[in-house]
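When a ligand or atom number is given, it counts from 1 through the structure's own listing order. Reckoned from all heavy atoms, side chains included, excluding hydrogens, waters and symmetry mates.
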Amino acid sequence: MRDSKLGFGLLGAGLIAPFHAKALDASALTELIAVADLDATRVEKMTSTFGCKGYASLDAMLEDPEIDVVNVITPNHLHHDAVVKAAQAGKHVLIEKPPAMSLAEVDSMTAACNKARVKACVSVQCRTRKAVQAMRTAIQTGRFGRIYHADTYMKWFRSTEYYKSDAWRVSQRSGAGVTINQAFHYVDLLQYLVGPAKTVDARMNNLAHPEIPLEDTLLAFVDYESGAQGVVQASTALWPGTDVRIEINGENGTAIMTGERMGTWKFRDERPEDAEIRQYGSGAVATGATGAADLSFADHQAVIEDLARAVLSGGEPMIKLETVRPTLEWSLGMYLSAKLGQPVTLPIRDEEAVW
Ligand SMILES: NC(=O)c1ccc[n+]([C@@H]2O[C@H](COP(=O)([O-])OP(=O)(O)OC[C@H]3O[C@@H](n4cnc5c(N)ncnc54)[C@H](O)[C@@H]3O)[C@@H](O)[C@H]2O)c1
C-alpha cells in the first residue's frame, strides 16, 4: 500500500489489460503498481503507457511488497494456477471471467484464498450496472410478483481475425466458445437476478466462422428452480452486432435492459422513483457488441473500487468468487446438454463428461 492507496499488479498485458489499468488510474482508492506478462513487448507497451513497473513472470511480481492485489487477466484456462499462487503469497485476487474452466478449479481457488485469508472477486462487471441493481431490488422486494420469463439475447459480432489473433481464442478447452466466453456475463446476470437454474437444454453451432473449431452460436431453454422459464440466445456471428438484452417478465411487471440502458421499466404499481430508473444507463456507452475492445472501463472501475473498499475496511466484495460458481455450472451444463443432445438437470454429477 502506498499513500493509503491499494497497490495492484496485472497478470496479463493483453486486450483487457488497458481497461484494468485505466480503471485503476481513475480511482482515488487504487494504484497500478506493475504489469507482468511472458510477452516482453506487451509489458513494455503497458509500462510506457501507464508509467508502472514491468515483470516477466508472476513469480517476480509476487515478490513486490507494494502489490496488495493481483488481477488475473490471462486466458481463461490459466486462471486457476495463478490465483492459487497469488493467494499463497498473501495477495488478494481479482479474477477475470470466467473464473476458471471447471468447478473443481473454482473450489480449489476458493479454498486457497480462504486458507490465506485473502479476498477473491470476479470481474463479471455487468452486475454493477445501475439498471441491473434496480432489477435486483425490484425482484427482492417482490415488485415483479411471480417471475415467468428471464431471458438474454446477445446478438454480437466477432471477426475471424479476432479468433485467429491467439491460439487460446480458437480452443474450446481454453474457454473461447461464445457460451463460456462472451455469454458468461449475461448468463451470470440471469443467475444473479433469477437463478439458480435447474434444467438447461442447449444447442450450439457455428454459423459464420467455418475456419474456427468453436461454437459461435448458442440457443438454450432454461427452467429455473423458482419455476420461471427462460431463453439464452448468444452469438458472435450476427454482424454488425447489436446491444445485448436482459428481459425479466413477472406477473406484475416487465424490465428490459439493452446494453447498459434501462429500455423498459413498467409495473402495475407505478412508483415515484420509476421515472428516474427509466433514465438509468446510456445508449452511447459501448458494451462489447461490435468488438472485444468496444467497451467502457467504468464497470471495471466499479468492481475494482468495490474490492478495494472491502480490503481497506475488512468487509466482503460484492462479487465474491463463490457467487459466480453457479454461473459456471450453468455454462458447463449447457455444453453438456449440447453434447448429449438432451436436457441436463443441475448439479452436474461428473464434470469430466462436459468436454
Ligand atoms: N470482463 C470483460 O469484459 C472481459 C473482456 C475481455 C476479456 N476478458 C477476460 O480477460 C482475460 C484475458 O483476455 P484478453 O482478451 O486480454 O486475452 P489476451 O490473450 O489478449 O491477453 C492475455 C495475456 O496473458 C499473457 N499470459 C499468458 N500466460 C501467461 C503467464 N503464464 N504469465 C504471464 N502472462 C501470461 C499473454 O501473453 C497475453 O498477453 C480472459 O479471462 C478473458 O475472458 C474479460
Checklist line | Which residue and heavy atom of the protein sit nearest atom 25 (C) of ligand 1, plus the separation | finding: Asp37 OD2, 3.1 Å
Item checked: Residue, atom name and distance, where the atom is the protein heavy atom closest to atom 38 (C) of ligand 1 -> Arg42 NH1, 3.1 Å
Notebook entry, point to check: Out of Val43, Leu11, Asn76, whose heavy atom is nearest to atom 42 (C) of ligand 1?
Noted result: Asn76
Note to self: Please report whether ligand 1 has a polar contact with Gln125, defined as an N or O pair separated by less than 3.5 Å (distance criterion only).
What the structure shows: yes
Check: Considering the options Thr217, Asp216, Val170, which one meets the side chain to side chain contact (heavy atoms under 4.5 Å, CB included) requirement together with His209?
Finding: Asp216
Next item on the list: Just jot down the ligand 1 atoms closer than 4.0 angstrom to any heavy atom of His185, in number order.
Entry: 1 (N), 2 (C), 3 (O)
Notebook entry, point to check: Side chain, backbone, both or neither: which part of Leu58 comes within less than 4.0 Å of ligand 1 when only heavy atoms are counted?
Noted result: neither
Note to self: For Arg268, is there an ion pair with Glu251 - N to carboxylate O distance below 4.0 angstrom?
What the structure shows: no
Note to self: Under 4.0 Å, heavy-atom basis, I'd like to know which part of Asp166 is in contact with ligand 1: side chain, backbone, both or neither.
What the structure shows: side chain
Notebook entry, point to check: Quick one: which of Ala36, Ala40, Pro75, Gly14 has a heavy atom closest to atom 24 (O) of ligand 1?
Noted result: Pro75
Check: Is the closest basic N to carboxylate O distance between Lys155 and Asp243 below 4.0 Å?
Finding: no
Checklist line | Linked, directly or transitively: Val324 and Val354 (ILVMFWY side chains, under 4.5 Å) | finding: yes
Checklist line | Protein heavy atom at shortest distance from atom 13 (O) of ligand 1 | finding: Trp168 CZ2, 3.9 Å
Next item on the list: Would you mind checking which non-hydrogen protein atom is closest to atom 32 (N) of ligand 1, with the distance to 0.1 Å?
Entry: Leu38 CG, 3.6 Å
Notebook entry, point to check: For atom 10 (O) of ligand 1, what's the nearest protein heavy atom and its distance?
Noted result: Glu96 CG, 3.3 Å
Note to self: Under a 4.0 angstrom heavy-atom cut-off, which atoms of ligand 1 come close to His79?
What the structure shows: 41 (O)
Notebook entry, point to check: Can Arg136 be said to sit on top of Tyr192's aromatic six-ring, NZ or CZ under 6.0 Å from centre and within 45° of the ring axis?
Noted result: yes
Check: Judging by distance only, is a nitrogen or oxygen of Leu15 under 3.5 angstrom from one on ligand 1?
Finding: yes
Margin query: Please identify which of these residues, Asn71, Leu94, Ile33, meets the side chain to side chain contact (heavy atoms under 4.5 Å, CB included) condition with Leu10.
Written below: Asn71
Checklist line | salt_bridge(Asp274, Lys266) N-O dist < 4.0 Å | finding: no
Check: Would you say Ser123 contacts ligand 1, with heavy atoms under 4.0 Å as the rule?
Finding: yes
Next item on the list: Determine the sole option in Asn205, Thr179, Asn206 for which the side-chain hydrogen bond (donor to acceptor under 3.5 Å, both in side chains) test with Glu215 is passed.
Entry: Thr179
Margin query: Check Arg129 with Asp299, please: is the shortest side-chain N to carboxylate O separation under 4.0 Å?
Written below: yes
